[in-house]
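Notes follow once the structure below has been shown.
Reminder, nothing fancy here: chain letters follow the sequence lines and each chain counts from 1.
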Amino acid sequence: MKISELADRLGLILYGGSSGIDKDAEGGYCSDLLSDVMGHAHANQVWITVQTHKNVIAVASLKELAAVIIVQGLEPAPEVIVQSEAENIPLLGTSESAFEIAGKIYSILK
Amino acid sequence: MFFEYSIEGGNFAQAGSTSSQVKKNLKQLNVDGSVIKRTVVALYEAEVNIVAHAFRGTIIVEIMEDKIHILLNDEGPGIPDIGKAMEIGFSTASPEVREMGFGAGMGLSNMKNNSDELHISSKVGQGTRVEITNYFQAKPVSLQ
Ligand SMILES: Nc1ncnc2c1ncn2[C@@H]1O[C@H](COP(=O)(O)OP(=O)(O)O)[C@@H](O)[C@H]1O
Ligand SMILES: [Mg+2]
């Protein structure tokens, strides 16, 4: 499913990286540890996290992830949004917890 | 092909920029995607370790027809027990660094799992030297 459609269905906020929303999400990975994502996430997955800093976009871009979803209503700083635009990584947000949003995404994509 | 980068300790905003540059170069050379993926993970972790644990360092990347060789040298505290540092979960990262999601103690094992050859040597009080080699397997690249 396209990131744009997933974002619509889940009511996600789009902070930046809109040029990447036509990419297809192939599953997801839930972690707040960057090395865990580097070691275990796969390309085209959606990354669910509480981390909001610039390195999140660097990791997402290096791993060719489909999008980043920031949970718990946390907001990225302006420079992180700029970075998501530059790297074409959709940066999304939700007020829900990682558990809730991961559950919904799982049931949509499985 | 030969590239040299310098890395500043503590500069997390810059962390990953060398990896991203090297990834672009390997893509341009049409290196096999799975080799690029592995190289990027190993290099990113090594680069972040200089930022997180050392004062400054240099990264020398050499791309040959059949392999990429990366040499990272830093000035820093060094690693007293490399065997222990390799264990998943071992980390001396500060609480602030951990809060950012670094310092999971998985970096060195990611480096090991994503390089064909990994050599680490270190002198306590001086610095650390990391050497990563990944082979392009069946498909040599053309460097003209
Ligand atoms: N370049 C380095 N200089 C000094 N110490 C290092 C270096 N690289 C790794 N270490 C030591 O090895 C430990 C484990 O490294 P790593 O597996 O990457 O985990 P992390 O970086 O998350 O702590 C570090 O916490 C640190 O004590
Ligand atoms: Mg590390």
Side-chain angles (χ1 to χ4, degrees), chain A residues 16-17 20 23 26-66 68-72 74-89 91 93 98 102, chain B residues 7 10-27 32-53 85-91 93 96-115 132:
Chain A
K23 275 182 287 188
E26 295 168 15
Y29 199 75
C30 215
S31 182
D32 303 322
L33 301 173
L34 305 195
S35 287
D36 181 27
V37 176
M38 277 318 277
H40 302 292
H42 295 293
N44 303 317
Q45 286 182 334
V46 172
W47 177 15
I48 300 163
T49 185
V50 295
Q51 298 292 351
T52 58
H53 55 84
K54 238 175 129 181
N55 299 92
V56 168
I57 306 298
V59 168
S61 168
L62 288 170
K63 292 292 287 186
E64 302 183 8
L65 302 181
V68 175
I69 302 177
I70 298 174
V71 297
Q72 306 280 31
L74 295 163
E75 285 175 21
E79 73 266 19
V80 182
I81 294 173
V82 169
Q83 189 80 4
S84 75
E85 292 287 341
E87 301 284 348
N88 307 320
I89 301 286
L91 183 60
Chain B
I7 305 294
N11 189 349
F12 282 95
Q14 275 300 309
S17 57
T18 300
S19 310
S20 148
Q21 199 52 57
V22 168
K23 182 181 172 189
K24 281 190 192 117
N25 292 331
L26 292 175
K27 279 204 157 170
D32 182 59
S34 68
V35 178
I36 299 180
K37 285 198 172 90
R38 280 161 51 78
T39 304
V40 160
V41 173
L43 175 55
Y44 176 81
E45 294 289 2
E47 187 183 353
V48 166
N49 276 354
I50 298 180
V51 175
H53 306 295
M86 296 291 306
E87 286 172 15
I88 292 177
F90 178 88
S91 176
E96 299 80 64
V97 167
R98 280 169 197 252
E99 219 161 84
M100 291 173 76
F102 297 104
M106 301 170 80
L108 292 173
S109 75
N110 276 349
M111 283 157 66
K112 191 162 181 53
N113 293 338
N114 289 281
S115 49
I132 296 163

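- For A/D36, the parts lying under 4.5 angstrom from a heavy atom of chain B are both the backbone and the side chain.
- Both the backbone and the side chain of B/F12 come within contact range of chain A, judged by heavy atoms closer than 4.5 Å.
- Contact of A/V56 with chain B is not made at all, since no heavy-atom distance falls under 4.5 Å.
- Partners of B/E45 according to the side-chain contact (heavy atoms from CB on, under 4.5 Å) rule, which considers only residues two or more places apart in sequence or in another chain, are A/S35, A/M38, B/N110, B/M111.
- Other residues, nucleotides and ligands place more than 12 heavy atoms under 6.0 Å from the CD atom of A/Q72.
- Using a 4.0 Å cut-off between charged side-chain N and carboxylate O, A/E87 and B/K23 make no salt bridge.
- Around atom CG of A/L74, more than 12 heavy atoms belonging to other residues, nucleotides or ligands sit under 6.0 Å away.
- Considering NZ of A/K54 and CD of B/Q14, their distance stands at 6.5 Å, rounded to 0.5 Å.
- We find the CG-CZ distance between A/L33 and B/R98 to be 10.0 Å, quoted to the nearest 0.5 Å.
- For A/Y29, there are no ring pair (Phe, Tyr, Trp, His ring centres under 6.0 Å) partners two or more places apart in sequence or in a different chain.
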Practice task
Using the side chain to side chain contact (heavy atoms under 4.5 Å, CB included) rule, take B/V41 and A/K63 through it: C-alpha gap first, then chi angles, then the decisive distance, then the call.
Solution key: CA-CA 8 Å; B/V41 173; A/K63 292 292 287 186; 3.8 Å; yes
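- When all heavy atoms of B/F102 and A/N55 are compared, the pair lying nearest together is CZ-CG, 3.5 Å.
- Among residues two or more places apart in sequence or in another chain, the side-chain hydrogen bond (donor to acceptor under 3.5 Å, both in side chains) test is passed with A/S84 by none.
- Considering CE of B/M100 and OG1 of A/T52, their distance stands at 9.0 Å, rounded to 0.5 Å.
- The minimum heavy-atom distance between B/A15 and A/A58, with the atom names listed, is O-CB, 4.2 Å.
- Of all residues in residues 39-47 of chain A, those placing a non-hydrogen atom less than 4.5 angstrom from a non-hydrogen atom of chain B are A/G39, A/H40, A/A43.
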